[in-house]
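The structure appears below as structure tokens.
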Amino acid sequence: MPHKSTSPLRWGIASTGGIAEQMTRTIHAMPGAEVVAVGSRSQKTADRFASKFNVPRAHPSHTDLCNDPNVDIIYVASPHSEHHDMTVIALNAGKHVVCEKAFALNTGEATEMIDAARRNNRFLMEAMWTWFIPAVVDIRRRIIAGEIGKIVSIDADFCLNISDPNGRHRQADLAGGAMLDLGIYPLTFPCFVLGEHPDEVKAIGRLTDGGVDATVAGVATFPSGAISTFQTSLDAVSGHGARIVGTMGRIDVDPPFWFTSSFTVHSHGANPRHITMPNEGLAHEAAHAMERIRNGHIQSNVVTWDATLQTMQLLDAVRKQVGVVYPSER
Ligand SMILES: NC(=O)c1ccc[n+]([C@@H]2O[C@H](COP(=O)([O-])OP(=O)(O)OC[C@H]3O[C@@H](n4cnc5c(N)ncnc54)[C@H](OP(=O)(O)O)[C@@H]3O)[C@@H](O)[C@H]2O)c1
């Protein structure tokens, strides 16, 4: 359903955690958009968030947020375990949805979410913001243009020290673990910049006592012949860079690679070129979602539903190999 191009798109923020705050600040600063409501599991938390960010309406449940007639699009910013139900409720209420990564617990849930978007004729996109960051888009363009030759290898890491035993990252029932939260970036960065999906992924990992992945290292092979390696962990802080090696040179991506502003191109026989690009963080994906909705589309042409399903299949394969099964999957 196209949105009237003259009126601002009205966002409802579903949940009140860290990234919900960041997205609310981002949308407030964007033209053609406003945050009109927030939903939380409690009225008190919704009220606190609404007053902090000057949001007109605060709802004490997700259903109330989704039934708010003033909301056009819902941003789902809850733990991974909640993405499926919150997204389907929003779509069934006639709202467009941008849902945080990892999109769902597994491919089965992701398929149901996409079916709900199709059935309700509403826009749905996984919030994989990296794929809209200008420097990352430019790296992809250079790779596809053959600037550093045929790609041989890509490696990237995203390890953080997240020790709180009660936080969502270490809770199996909230679909915690390093892969869905952090590892998804080094796993899928090569897919985006190469413009292809791996034909095989292999991973090893160590689990926490609570049964989620604490540390994972893996390798993927691509139809073009490229090989990628990825590392992720909840136990230590890594360098957060990425390196792309081709037959005619390499690109060193400055950290943090998943929302980098700069990179260096080393072409054989030429001086290294350090390139810096503008970076407005979450605003790029939000602007893309709004542009697609205004033009009557129900999916992104960047983070397509196929791309999201392929990401979920990769995450499922990695989790199977390292032995992570979430309680709701047993
Ligand atoms: N794009 C990025 O850069 C980025 C960065 C960080 C995280 N993320 C993604 O964003 C999502 C949220 O991450 P976050 O770091 O913002 O999480 P967080 O700070 O832990 O906040 C999650 C929020 O979800 C709500 N919630 C709903 N059901 C819940 C439940 N059963 N248990 C706990 N909280 C529940 C809570 O809000 P209420 O109390 O109001 O219900 C909570 O504040 C995840 O999918 C994560 O992977 C993306």
Side-chain angles (χ1 to χ4, degrees), residues 12-27 37-53 55 57-66 74-87 89-90 97-106 109-110 113 125-133 136 158 160 162 164-189 212-213 232 234 240 256-260 279-286 288-289 303 308 311-312 315 326-328:
I13 306 295
S15 295
T16 59
I19 199 67
E21 293 202 354
Q22 210 175 309
M23 184 58 102
T24 302
R25 278 193 208 97
T26 299
I27 294 167
V38 59
S40 172
R41 290 165 302 162
S42 87
Q43 185 69 59
K44 197 168 150 210
T45 315
D47 287 342
R48 199 183 312 134
F49 188 96
S51 102
K52 181 172 176 185
F53 294 103
V55 175
R57 278 182 308 286
H59 297 289
S61 77
H62 184 60
T63 304
D64 287 344
L65 172 68
C66 293
I74 303 264
Y75 172 59
V76 173
S78 53
H80 312 131
S81 53
E82 315 304 309
H83 288 183
H84 169 274
D85 288 6
M86 289 174 82
T87 294
I89 288 169
V97 175
V98 171
C99 176
E100 261 307 334
K101 43 54 66 178
F103 190 64
L105 221 73
N106 54 35
E109 282 195 357
M113 293 155 75
M125 184 181 90
E126 175 190 3
M128 180 40 79
W129 64 318
T130 303
W131 294 16
F132 301 94
I133 300 293
V136 177
F158 191 172
L160 284 180
I162 303 176
D164 178 3
N166 302 315
R168 66 177 176 80
H169 297 87
R170 289 181 180 269
Q171 301 294 321
D173 58 353
L174 297 181
M179 267 323 290
L180 263 62
D181 217 279
L182 314 176
I184 186 172
Y185 290 106
L187 179 70
T188 60
F189 178 79
V212 301
D213 45 310
T232 190
L234 300 177
H240 299 165
F257 75 85
W258 61 95
F259 71 105
T260 190
N279 187 349
E280 292 175 37
L282 299 174
H284 299 290
E285 67 174 355
H288 171 82
V303 188
T308 290
T311 297
M312 289 313 311
L315 289 169
Y326 293 123
S328 65

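Keep in mind the model is a prediction, meaning the values are calculated, not measured. Start at 1 and go down the list; that is how both ligands and their atoms are numbered.
When all heavy atoms of T16 and T45 are compared, the closest pair comes out as OG1-CG2, 3.2 Å. Here the closest heavy-atom approach between residue S328 and residue L105 is recorded as OG-CD2, 3.0 Å. Nearest heavy-atom pair, A90 versus I74, reported as atom, atom and distance to 0.1 Å: CB-CG1, 4.0 Å.
Side-chain contact between R48 and K52 is absent, with no heavy-atom pair separated by less than 4.5 Å. Between E100 and S15 the shortest side-chain heavy-atom distance does not fall below 4.5 Å. When side chains are defined from C-beta on, H240 counts as touching W258, because their heavy atoms get closer than 4.5 Å. M125 has its side chain out of reach of V97: every pair of non-hydrogen atoms, C-beta onward, lies at least 4.5 Å apart. Between F103 and M128 the shortest side-chain heavy-atom distance does not fall below 4.5 Å. Using a 4.5 Å heavy-atom threshold, the side chains of V303 and F132 count as touching. Proximity of Y75 to T24: side-chain heavy atoms (C-beta onward) are nowhere separated by under 4.5 Å.
Listed by number with element, the atoms of ligand 1 under 4.0 angstrom from any heavy atom of A77 are 12 (C), 22 (C), 23 (C), 24 (O). Near H83, the atoms of ligand 1 lying under 4.0 angstrom from a non-hydrogen atom of the residue are 45 (O). Counting the atoms of ligand 1 from 1 in the order shown, those under 4.0 Å from a heavy atom of H80 are 44 (C), 45 (O), 46 (C), 47 (O).
The residue among H169, R41, R168, M128 with a heavy atom at the shortest distance from atom 35 (C) of ligand 1 is R41. When the heavy-atom distances from atom 25 (C) of ligand 1 to G17, S42, S15 are ranked, the shortest goes to S15. Across K101, R48, E100, heavy-atom proximity to atom 47 (O) of ligand 1 is greatest for K101. When the options A102, S78, C99 are ranked by their closest heavy atom to atom 44 (C) of ligand 1, first place goes to S78.
Scanning the protein heavy atoms around atom 37 (O) of ligand 1, the nearest turns out to be T16 N, 3.3 Å. Scanning the protein for heavy atoms near atom 19 (O) of ligand 1, the closest one is G18 N, 3.0 Å. Among all protein heavy atoms, the one lying closest to atom 26 (N) of ligand 1 is P79 CD, 3.5 Å. Annotation: atom 16 (O) of ligand 1 to nearest protein heavy atom, I19 N, 2.9 Å.
Between A20 and ligand 1, not a single N/O pair is under 3.5 Å apart. Between L174 and ligand 1, a contact under 3.5 Å exists for no N or O pair. Residue L180 has no N or O atom closer than 3.5 Å to an N or O atom of ligand 1.
Counting heavy atoms under 4.0 Å from ligand 1, residue S40 touches it through both backbone and side chain. Only side-chain heavy atoms of Y185 come within less than 4.0 Å of ligand 1; its backbone N, CA, C and O stay farther off.
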